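Input: a single structure, listed below in structure tokens.
All of these numbers come straight from a predicted model, not from anything done at the bench. Note that ligands are numbered from 1 as they come in the structure, with each ligand's atoms numbered from 1 the same way. These numbers come from the heavy atoms of this one structure, side chains and all, not from hydrogens, waters or symmetry mates.
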Amino acid sequence: MGIFKKFFDKLKYTFKKTELNDDFYDELESILISSDMGVETAIEIMDDLRLICKQKLIKDTEHAQIELKQILINRLNANEIEFNYPLIITVVGVNGVGKTTSIAKMTKYFLNKKKSVILAAGDTFRAAATEQLSNWADRLKVKIIKQGEGADSAAVVFDAITSMKAKNNDVLIVDTAGRLHTKTNLMKELEKINNIINREYPEAKKLNLIVLDASIGQNSIVQVKAFKDSVNIDGIILTKLDGTAKGGVVYPIINDLNVPIIFTGFGEGVDDLDLFNKESFVDKILM
Ligand code: GDP
């Protein structure tokens, strides 16, 4: 089963019609539009596909699918990231998007790469958040630095950096409070965390990642813009691609917002995370 099940099912059905005709093109266009890639992009992709199929005298959907795949890849302005260490990843996002799960998945990702990981429970706003992250830390057997509910999150981060340096850890992942981006206090808190990181470990590589729920489609664009107004955003973790037909939202995110997608999440399990790669992403849409 493809990970973008709904999108995939619709496409598969459309590609079953073996003959290239207007019905096929119309249906494909509406699938692309409903995937939230943006109407303009969807129409341009369809224009490209029609033109190429005409030029190459393609008459069946099987070959059209191969061409579509290439067009979809070419239109993604994205390169795979290379991580440098020591690395401090600060994770922001609205509650419920999959932030905690994504931190656990990234931890596993770096552990698989033989990197040592430490976590900072910077969401001191909710006791449950620290507890949830602690459970993951136990399961993944990594150290977590935490304090009580209501503690200063920047102080938690300070302690985590001290521990990271003492133990020579490769990666520190910092959770932050997931209140709405409209809350100025939260933005100030994020700024403070960033300042502590820069002051205490200037030579570490830093990445501020925002977690977005792909199923909310175009609304995720609004969330990125809102956070970007206050904090530097280096990349995106796009979650819940398994349960949505809106995977096309990667196009406006990458091409319009100019923020790279670093990881994609496609399930609740700790291994359900991929480093974003445009070829395999498009493969998963179409296969
Ligand atoms: P947080 O509030 O942002 O920290 O969100 P959580 O990490 O607690 O996740 C909220 C819910 O979304 C949980 O039930 C997760 O299991 C689920 N979830 C997270 N990532 C994914 C994903 O990629 N796919 C699916 N299907 N569910 C996910």
Taking all non-hydrogen atoms of both residues into account, name the closest pair between [X] and [Y] and its distance.
X      : Y      : answer
Ala160 : Ile145 : CA-CG1, 3.7 Å
Gly265 : Lys105 : CA-NZ, 3.8 Å
Tyr201 : Lys165 : CE1-CG, 3.6 Å
Ser102 : Val211 : OG-CG1, 3.9 Å

Check whether any N or O atom of [X], backbone or side chain, sits under 3.5 Å from an N or O atom of ligand 1, and answer yes or no.
X      : result
Gly96  : yes
Thr101 : yes
Gln132 : yes
Arg126 : no

Working to the nearest 0.5 angstrom, can you tell me the gap between Leu28 CG and Ile33 CD1?
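Answer rounded to 0.5 Å: 10.0 Å.
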Using a strict 4.0 Å cut-off to heavy atoms of [X], name the atoms of ligand 1 that fall inside it.
X      : answer
Glu268 : 14 (O), 15 (C), 16 (O), 17 (C), 25 (C), 27 (N), 28 (C)
Gly98  : 1 (P), 3 (O), 5 (O), 6 (P), 7 (O), 9 (O), 19 (C)
Lys105 : 20 (N), 22 (C), 23 (O)
Gly265 : 23 (O)

Specify the protein heavy atom at minimum distance from [atom]: its residue, its atom name, and the distance to 0.1 Å.
atom                    : value
atom 11 (C) of ligand 1 : Lys240 NZ, 4.0 Å
atom 3 (O) of ligand 1  : Lys99 N, 2.7 Å
atom 22 (C) of ligand 1 : Gly267 O, 3.1 Å

Given Asp213, Thr100, Thr239, Thr264, identify the one with the heavy atom nearest to atom 4 (O) of ligand 1.
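Minimum heavy-atom distance to atom 4 (O) of ligand 1 goes to Thr100.
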Under a 4.0 Å heavy-atom limit, does Asp242 contact ligand 1 with its side chain, its backbone, both, or neither?
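The answer is the side chain.
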Connected via hydrophobic side-chain network under 4.5 Å: Ile216 and Leu209
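Unlinked, Ile216 and Leu209 end up in two clusters.
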Checking Asp170 against Ser116: is there a side-chain donor and acceptor pair closer than 3.5 Å?
yes
Is it true that, when you exclude Lys192 itself, more than 12 heavy atoms of the residues, nucleotides or ligands shown sit nearer than 6.0 Å to its NZ?
no
Over 12 non-hydrogen atoms of neighbours within 6.0 angstrom of CD in Gln218
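It does: Gln218 CD has more than 12 such atoms within range.
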Does ligand 1 have an atom under 4.0 Å from some heavy atom of Gly178?
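No.
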